[in-house]
Number of protein chains: 2
Amino acid sequence: MVKYSRQREAIKNKLVGRTDHPTAETLYAELKTEMPNLSVATVYRNLNQLEQWGEVNRITVEGATRFDPNTDPHSHFFCRKCGAVIDMPDEDIEIRRIAQAGFGGRIELSTSHFYGVCPKCLDIDS
Amino acid sequence: MVKYSRQREAIKNKLVGRTDHPTAETLYAELKTEMPNLSVATVYRNLNQLEQWGEVNRITVEGATRFDPNTDPHSHFFCRKCGAVIDMPDEDIEIRRIAQAGFGGRIELSTSHFYGVCPKCLDIDS
DNA sequence: ATGAAAATGATAATGATTATTATTTTCAAC
DNA sequence: GTTGAAAATAATAATCATTATCATTTTCAT
């Protein structure tokens with residue numbers, strides 16, 4: 001039986017609404033200022049639970065684990081200039097259709113990872 | 001100046017031709033039987049080098065780092081039944097074209113990760 | 001108000017990977 | 001073929017992210 005926890009609430013609230021895909025470490029550092037005796041284990045424990053419950057998504061970008069409050073299927077773009085991780089609209093249905101053609105298995109989910117230069121960094125360059 | 005090393009040769013040879021995307025640990029275990037005093041650090045060091053030289057690819061699947069001798073751009077499929085990681089033909093050009101439409105940045109690379117049931121496991125089920 | 005179940009905080013433990021360093025191997029110049 | 005500097009290795013200590021453990025605290029149905 002799941003019981004309320006102030007810490008879990010704070011972790012979730014710290015994540016919702018942002019699009020910068022923080023790591024567990026970043027969330028911990030930020031929350032620590034508001035809740036000085038928050039434990040790092042509590043952050044990891046709750047992020048795992050929230051992911052299992054489908055309330056947040058875990059993504060791996062360039063080897064690092066990051067968290068995303070957006071649980072709608074979508075992909076991510078990594079900027080090689082500034083390191084930003086940007087949400088990309090969900091083209092997965094179309095992508096899955098392309099990949100499914102001629103493949104003998106059953107594709108149920110897919111995510112794509114794009115790499116390049118983000119709009120901001122393109123502007124600066126030009 | 002790069003010098004020849006029997007170990008690096010063995011690591012590369014152990015990887016080429018296979019499609020099961022082994023981890024560094026798996027490669028080390030297999031090589032250890034042939035080269036009893038091979039060091040785990042040597043395996044990691046050389047895999048990093050081979051990747052930098054573009055001779056092998058590193059992929060992250062379900063949180064684990066695996067290695068792929070196929071350096072042509074292509075995607076991967078993870079079977080949730082048997083855990084196999086299967087190479088998928090490169091639809092990335094088409095996928096990139098779709099994703100690039102309406103995106104202000106510049107997409108240079110992309111990889112997709114598909115998840116579902118592989119052909120073999122579909123057969124067993126039916 | 002009470003107590004069992006759940007969650008936390010502190011920290012030890014784990015697993016994957018990297019750094020360090022003394023020793024060995026490679027290879028260009030002789 | 002010998003030599004010596006540069007590169008690579010083996011062994012292992014160190015690091016980093018994450019998880020496990022466990023005593024204490026919090027939640028919440030009764």
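The structure presented is a predicted model; accordingly, all values stated were derived computationally and were not measured. Chain letters run A, B, ... following the sequence lines, proteins first, then strands; residues in each count from 1.
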Rounded to whole angstrom units, what separation is found between the OH atom of B:Tyr4 and the P atom of D:dT9? 10 Å
Interatomic distance where CD belongs to A:Gln7 and P belongs to C:dA6 [whole Å]: 17 Å
Kindly say whether the aromatic ring centers of B:Phe114 and B:Phe78 come within a distance under 6.0 Å. no
Below 4.0 angstrom from OP1 or OP2 of C:dT8, is there any side-chain N or O of A:Ser5? yes
Taking any heavy-atom pair under 4.0 Å as a contact, classify B:Ala41: base, sugar-phosphate, or nothing. base
Counting just side-chain N and O atoms, does B:Tyr44 come under 4.0 Å of either OP1 or OP2 of C:dT18? no
Value in whole Å for how far the P atom of C:dA10 lies from CE of A:Met35: 12 Å
A:Arg8 or A:Pro36: which one's nearest nucleotide on DNA chain C is closer to the 5' end? A:Arg8
Taking the six-membered ring where the residue is Trp, are the ring centres of B:Tyr115 and B:Phe77 under 6.0 Å apart? no
Report yes or no: do B:His74 and B:Asp68 form a side-chain donor-acceptor pair below 3.5 Å? yes
Rounded to whole angstroms, how far apart are CZ on A:Arg45 and P on C:dT11? 15 Å
Length of the CD-P vector between A:Glu9 and D:dT27, whole Å: 12 Å
Classify the side-chain pair B:Arg66/B:Thr23 by whether it contains a donor and acceptor separated by less than 3.5 Å. no
Protein-nucleotide distance (B:Met1, atom CE; C:dA29, atom P), rounded to Å: 9 Å
Assess the pair B:His76 and B:His21: is the distance between their ring centroids shorter than 6.0 Å? yes
Output yes when at least one side-chain N/O atom of B:Ser39 is less than 4.0 Å from OP1 or OP2 of D:dT9, else no. no
Can you identify which nucleotide, out of C:dT8, D:dA7, D:dT18, has its nearest atom closest to the A:Thr65 side chain? D:dT18
Would you mind reading off the distance between A:Phe67 atom CZ and D:dA17 atom P, rounded to a whole angstrom? 13 Å
Return whichever of B:Lys3 or B:Asn48 has its heavy-atom-nearest nucleotide of DNA chain C closer to the 5' end. B:Asn48
Note: for B:Val2 and A:Val40 on DNA chain D, the residue whose nearest nucleotide lies more 5' is B:Val2
Please report the distance, rounded to the nearest Å, between CG in A:Asn46 and C1' in C:dA6. 11 Å
